[in-house]
Amino acid sequence: MVLLLGAKPEVVWGQTDTLNLVVVLNGLSEGNADVLVAHAEDYLELALLEQPRRYTRSQALYVLRKFFGDYAPAGFNLDRSMTQGQEWWLIGRYIVLGGRQPLRFYLRFGGSYPAYRLMAIQVIRS
């Protein structure tokens, strides 16, 4: 079960025509790159345990699939959300299968209600 703490109140759970947080958070829990890219801008900045790079959606899909293959998911825990100017951040812990140390995930969204789009994902070791 995913619990959303401190999320933007105007974003409705289960929306289909705008950002769907349930789908995004479940996608993280399952390591589903397709779900994340479906909510992304045309270009997505990824920093997956390395320096940030900007990718097209199709390139980002490939990179995320490889990442989730290397770090199979056991779940995702959302810790908090915050806004910074026009950006909205979700911050949580990605639980890696096999008891490895959880990874810290930062998802940055841009835009405004109701059309938030995923702009960046940063992953660091906890």
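Throughout, residue positions are numbered sequentially from 1 according to the sequence presented.
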Engineer: Can you hop from L44 to L49 via hydrophobic side chains spaced under 4.5 Å?
Structural biologist: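 Yes; L49 is reachable from L44 via cluster members.
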
Engineer: Using a 4.5 Å cut-off on heavy atoms from C-beta on, say whether the side chain of Y106 contacts that of L90.
Structural biologist: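 They are not in contact (no side-chain heavy atoms under 4.5 Å apart), so the answer is no.
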
Engineer: Can you measure from NE2 (H39) to CZ (R117) and round to the nearest 0.5 angstrom?
Structural biologist: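 Separation between the atoms: 7.0 Å.
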
Engineer: CG/L118 to CG/L36 distance, rounded to the nearest 0.5 angstrom?
Structural biologist: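 Answer for the CG-CG pair, L118 versus L36, is 6.5 Å.
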
Engineer: Is the CD atom of E50 crowded by more than 12 outside heavy atoms at less than 6.0 Å?
Structural biologist: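 Check passes, neighbour count above 12.
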
Engineer: Which heavy atom of P102 sits nearest a heavy atom of S126, and at what distance?
Structural biologist: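 Heavy-atom minimum between the residues: O-OG, 2.8 Å.
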
Engineer: Does F109 have its ring centroid less than 6.0 Å away from the ring centroid of W89?
Structural biologist: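 Judged by ring-centre distance (under 6.0 Å), F109 and W89 do not meet the cut-off.
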
Engineer: Does the pair R108/E87 count as a salt bridge with the N-to-O cut at 4.0 Å?
Structural biologist: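 Here R108 pairs with E87 in a salt bridge, since their nearest N and O are under 4.0 Å apart.
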
Engineer: How close do I121 and V123 get, counting heavy atoms only, and between which atoms?
Structural biologist: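 Closest approach of I121 to V123, heavy atoms only: CG2-CG2, 4.1 Å.
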
Engineer: By salt bridge (Lys or Arg N to Asp or Glu O under 4.0 Å), which residues pair with E41, not counting sequence neighbours?
Structural biologist: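 With sequence neighbours excluded, E41 shows a salt bridge (Lys or Arg N to Asp or Glu O under 4.0 Å) to no residue whatsoever.
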
Engineer: Distance check, rounded to the nearest 0.5 Å: L46 atom CG versus Q51 atom CD?
Structural biologist: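 Interatomic distance, L46 CG to Q51 CD, rounded to 0.5 Å: 13.5 Å.
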
Engineer: Mind listing the side-chain donor-acceptor pairs of residues 57-70 below 3.5 Å, one per line with the distance, residues two or more places apart or on another chain?
Structural biologist:
from	atom 1	to	atom 2	distance (Å)
R57	NH1	A40	O	2.6
R57	NH2	V37	O	3.2
S58	OG	T56	OG1	3.3
Q59	OE1	T56	N	2.9
Q59	OE1	T56	OG1	3.2
R65	NH2	D34	OD1	3.3
R65	NH2	D34	OD2	2.7
K66	NZ	D70	OD2	2.9

Engineer: Ignoring hydrogens, what is the shortest heavy-atom contact between P73 and G31? Give both atom names and the distance.
Structural biologist: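 So the minimum-distance heavy-atom pair works out to CG-N, 3.5 Å.
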
Engineer: Considering residues at least two apart in sequence or located in another chain, which fulfil the side chain to side chain contact (heavy atoms under 4.5 Å, CB included) criterion with V96?
Structural biologist: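 Side chain to side chain contact (heavy atoms under 4.5 Å, CB included) check on V96 returns Y71, Y94, R100, L103.
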
Engineer: For residues P52 and A47, report the shortest heavy-atom separation together with the two atoms involved.
Structural biologist: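 Taking every non-hydrogen atom into account, CA-CB, 3.7 Å.
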
